[in-house]
Amino acid sequence: MNDTLGNWKRTQLCGTVTAEQMGQDVCVMGWVQRRRDHGGLIFIDLRDREGVLQLALDPDRDLESHKKAAQVRNEFVVAVKGKVSPRPEGTVNPKMKTGEVEIEVSEIKILNRSETPPFMLDEFGDVAENIRLKHRYLDLRRTSVQNNMMLRHRVTRTVRNYLDEHGFIDIETPVLTKSTPEGARDYLVPSRVNNGQFYALPQSPQLFKQLLMVAGFDRYAQIVKCFRDEDLRADRQPEFTQIDCEMSFVDRDDIMTIMEGMIARVFSEGIGVEIPASLPRITYAEALDRYGVDNPDLRFELELVELTEIVKDCGFKVFAEIANKGGMVKAINVKGASTFSRKELDDLTAFAGIYGAKGMAWVKINADGWQSPIAKFFVPEELKAIEQALAAEEGDLLLFVADSAKITNESLGRLRQHLGQKLGLAKKDDYSFVWVTDFPLFEWDEEEQRHYAVHHPFTAPLDEDVELLATEPGKARAKAYDLVLNGSEVGGGSIRIHDQAVQQKMFGLLGIDEEEAREKFGFLLDALSFGAPPHGGIAFGLDRLVMILAGTDSIRDVIAFPKTQKATCLLSEAPGEVSEEQLQELGIRLRKSVK
RNA sequence: GGGGGUGUAGCUCAGUUGGUUAGAGCGCUAGCCUGUCACGCUAGAAGUCGCGAGUUCGAGUCUCGUCACUCCCGCCA
């Protein structure tokens, strides 16, 4: 039988006991992290969310409690009364926050027993993630995991405080809503009351927050769950959380400025890191030109250099042909990397191949000139021009990709980020932000022969590009902006279209005809016709942001109950089958192929 | 949909060229131990080698299939 709590009242959390309390009587409760039984003396490390505290049980002080302590095992739930005491000379443990003190226990209660846990809950061994997730309630007891969740709490608290201070109203938007074309696959929820019809879970509260602006709330914010039925990645979960904001009567600068303030507070209060009040900005075009990607990691240089003009007439056919046929030749100079082995170069080539590059040329700058399979194809003037463009010096390694602009940028850009990691240029406690602006409004889909919205269909074009909508929509730029932190997109938003006519035109360009637009977005179009204010907003990926703050590479580390890569929950075993009755009520019959 | 990695005791892993009864550390159980703190010492229990076929006299090991977890490409307005 377990002991009852009785009239015992906990005086404080284990990790908060300090040397200043020496001599005080306290009552603490928690989980047994470890018991060290010396036959005579027994030590118990008692753990709660604030830390670990050593209990000392001496048979000479109280035989009864000593006997009881001998029964205690790992993860038993225990309450003790005792005196905060100094540890004897030479037995202070500097590794523990409470290492100067211990509790001389006078009375102990076993409040609950525990099976032997399937894995140790200390911080010493690595445990496979699927086992941790299956017993997540135990994994969540571990100090490091608790720290991540408490960091997440501090971040959301700071965000709520900041947004409240700046006049944002927290309003909840529907979770059962309507499926929309474009964008990610929707999670669908069948309607019982309306047989054969489905709700969709929101990919984001986009339309509703715009309606709230039409409604005159001026500033809206919500920390909200969003759902996207797409394949998972280390930084992607099917349900994730956004810090979702929208503001009226503002332009891009207003939004970016106010959000810079929020991010600064989050870093300061979350992890005690001060970041600049104003963050750098580059355009999408510049990001692509210099870094090859629209989410550049600016912790290091290693910029891409375009060589298309220089190699146009060179003897290396691969380069020359691509340069003359509208392709792009670019290179990066990896300083001091001429020592890379053949295997390392092969690995880098394979890496570039992942992103579609059919090859990667390399040049080692040695004391006696170029060491490279392609050196023989270039005349001295070309060698010199290339060296100059890349500021190449002895000991450098030059890496080239020649392909379509898209593939050259993507593969070399990813290669740049890969090398930043490999060479230790990207340091974990270094935080480099950049706003990327002026994204193209549309992206052309070659297969379907139609435009897609790069951001979403409600994004406003730059004022000076509005005319392009009629002539060359592919060249129109958007009033959109992404916040990129260490190569990771942590937030993005735009100024929205607040004019019904422009919005209708936009749908037209996206191949959404009048009828479909009415059916899917009629309520938005209607709303825009009733005096919609100029407005815009932004959404931050809370999980990704906390991930970076926590210094982890997996989004699952900052979500209490995450899903696996196949979108299942190992703990609850969701998703699961449902009864025939449930299906019948919903008017759903499963296809035979679905087993 | 595609490519890579992993799967052996509760946990973390080793297991040679296919060959005797599949091992180690931690954990667990029991005993001893009064200043440990990832305590120590002694003894013990613990295995569907992910699952299913196949090759073979013989498979943890080789082949094929399959499942789970994971990283990546596609996908993610």
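All heavy atoms count here, side chains included; hydrogens, waters and symmetry mates do not. Source: prediction; values computed, not measured.
When rounded to the nearest whole Å, the span between NZ of A/K563 and C1' of B/rC69 equals 16 Å. Rounded to a whole Å, the OH atom of A/Y452 is 8 Å from the P atom of B/rC76. As rounded to whole Å, 13 Å separates atom C1' of B/rC71 from atom CG of A/L232. Taking atom CD of residue A/Q565 and atom P of nucleotide B/rG1, one finds them 13 Å apart after rounding to whole Å. Atom pair A/L57:CG and B/rC33:P shows a separation of 17 Å (rounding to whole Å applied). Nucleotide B/rC73 holds its P atom 13 Å from the NE2 atom of A/H418, rounded to whole Å. If you measure from atom CD of A/Q33 to atom P of B/rG27, you get 13 Å, rounded to the nearest angstrom. The distance between atom CG of A/D231 and atom P of B/rG4, rounded to the nearest whole Å, is 18 Å.
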What verdict does the ring pair (Phe, Tyr, Trp, His ring centres under 6.0 Å) test give for A/Y452 and A/F442, after you've listed the backbone C-alpha separation in whole Å, the side-chain angles of each residue and the deciding distance to 0.1 Å?
CA-CA 5 Å; A/Y452 270 93; A/F442 300 105; over 10 Å; no
Would A/F458 and A/F521 count as a ring pair (Phe, Tyr, Trp, His ring centres under 6.0 Å) here? Give the steps.
CA-CA 11 Å; A/F458 320 109; A/F521 305 111; 5.5 Å; yes
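Residues A/L140 and A/Q146 fail the side-chain proximity criterion, which asks for heavy atoms closer than 4.5 Å. Using a 4.5 Å heavy-atom threshold, the side chains of A/Q12 and A/V17 count as touching. For the pair A/Q565/A/R236, no side-chain contact is recorded, criterion being any heavy-atom separation below 4.5 Å from C-beta on.
Between A/E239 and A/R228 no salt bridge is recorded (no basic side-chain N to carboxylate O distance below 4.0 Å). Using a cut-off of 4.0 Å between Lys/Arg side-chain N and Asp/Glu carboxylate O, A/R450 and A/D445 are scored as not salt-bridged. Contact check on A/D231 versus A/K566 returns no salt bridge, with no Lys/Arg side-chain nitrogen under 4.0 Å from an Asp/Glu carboxylate oxygen.
On the P atoms, B/rG47 is 24 Å away from B/rU42, given to the nearest whole Å. Using atom P as the reference point in both B/rC39 and B/rG2, the two lie 49 Å apart (nearest Å). On the P atoms, B/rA59 is 11 Å away from B/rU55, given to the nearest whole Å. Taking the C1' atoms as reference points, B/rU61 lies 15 Å from B/rG54, given to the whole Å. Atom name P, nucleotides B/rU21 and B/rC49: the rounded distance is 15 Å, in whole Å. Here, B/rG10 and B/rG50 have their P atoms 13 Å apart, quoted to the whole Å. On the P atoms, B/rG23 is 15 Å away from B/rG15, given to the nearest whole Å. Taking atom C1' on both B/rA14 and B/rC26, the two are 15 Å apart, rounded to the nearest angstrom.
In a base pair of the Watson-Crick type (N1 to N3 plus N6-O4 or O6-N4) or a G-U wobble (N1-O2 and O6-N3), with each distance short of 3.5 Å, B/rC11 is matched with B/rG25. When both pairing distances are held under 3.5 Å, B/rG74 makes no Watson-Crick or G-U pair with any nucleotide shown. Under the Watson-Crick and G-U wobble criteria, each requiring two contacts below 3.5 Å, nucleotide B/rC32 is paired to B/rG40. Searching all strands for a Watson-Crick or G-U wobble partner of B/rU55 with both distances below 3.5 Å returns nothing.
Annotation: proximity of residues 480-497 of chain A to RNA chain B (heavy atom, distance under 4.0 Å) is found for no residue. Within residues 130-139 of chain A, the residues that have a heavy atom under 4.0 Å from RNA chain B are, in order of number, A/N130, A/I131.
When distances run from any side-chain atom of A/Q54 to the nucleotides B/rC37, B/rC72, B/rU34, the shortest one goes to B/rC37. Distances from the side chain of A/R73 to the nucleotides B/rA38, B/rA30, B/rG35 place B/rA30 closest. Picking from B/rU12, B/rC76, B/rC71 the nucleotide with the shortest atom distance to the side chain of A/A184 gives B/rC76. You'll find that the side chain of A/T91 is closest to B/rG35, out of B/rG35, B/rU34, B/rC69. The side chain of A/R87 lies closest to B/rC37, out of B/rC75, B/rC37, B/rC71. Taking the side chain of A/K95 as heavy atoms from C-beta on, and the options B/rA38, B/rC37, B/rA68, the nearest nucleotide is B/rA38. Comparing B/rC69, B/rC75, B/rC37 by their nearest atom to the side chain of A/R36 picks out B/rC37.
A/Q54 and A/T98 share no side-chain donor-acceptor pair at under 3.5 Å. Checking A/E443 against A/H451 by side-chain atom types alone, no donor-acceptor pair falls below 3.5 Å.
Nearest-nucleotide mapping onto RNA chain B: of A/R34 and A/E410, the residue sitting toward the 5' end is A/R34. Comparing A/P59 and A/P118, the nucleotide of RNA chain B nearest to each residue sits closer to the 5' end for A/P118.
For A/K566 and B/rA68, the shortest distance from a side-chain N or O to OP1 or OP2 is below 4.0 Å. In this structure, A/T564 reaches the B/rC69 phosphate: one of its side-chain N or O atoms is under 4.0 Å from OP1 or OP2. In this structure, A/R556 reaches the B/rC71 phosphate: one of its side-chain N or O atoms is under 4.0 Å from OP1 or OP2. For the OP1/OP2 pair of B/rC75 and a distance below 4.0 Å, the side-chain nitrogens and oxygens of A/R233 include no atom meeting the criterion.
For A/E102 against B/rG35, a side-chain N or O and a base N or O form a donor-acceptor pair under 3.5 Å. Side chain A/E129 to base B/rU70: no donor-acceptor pair is found below 3.5 Å. Taking only distance into account, the side chain of A/N74 never meets the base of B/rG27 through a donor-acceptor pair shorter than 3.5 Å. Between the side chain of A/R228 and the base of B/rC76, no donor-acceptor pair of N or O atoms lies under 3.5 Å.
Among the protein residues, A/A56 comes within range of no part of the nucleic acid, since none of its heavy atoms lies under 4.0 Å from any strand. The residue A/F43 sits close to a base: some heavy atom pair falls under 4.0 Å. Within 4.0 Å (heavy atoms only), A/V454 reaches sugar-phosphate atoms of the nucleic acid but no base atom. Note on A/S204: a base of the nucleic acid sits closer than 4.0 angstrom, heavy atoms only. Residue contacts for A/R414: at a heavy-atom cut-off of 4.0 Å it reaches no nucleic acid atom on any strand shown. As judged by a 4.0 angstrom heavy-atom cut-off over every strand, A/F458 is placed among residues making no nucleic acid contact. Using a 4.0 Å heavy-atom criterion, one finds that A/T568 contacts the sugar-phosphate atoms exclusively.
Applying the 5.5 angstrom centroid cut-off and the 30 degree plane-angle cut-off, the aromatic ring of A/H38 is not stacked upon the base of B/rU36.
The backbone N or O of A/T564 lies less than 3.5 Å from no partner atom in the side chain of A/T568, so there is not a single donor-acceptor pair.
A pairwise comparison of heavy atoms in A/T459 and A/K479 identifies CG2-N, 4.3 Å as the closest pair. Minimum interatomic distance between A/A527 and A/V214 (heavy atoms only, all atoms of both residues): O-CG1, 3.6 Å.
The aromatic rings of A/H38 and A/F43 stand perpendicular to each other, their planes meeting at an angle above 60°, with 30° marking the opposite boundary.
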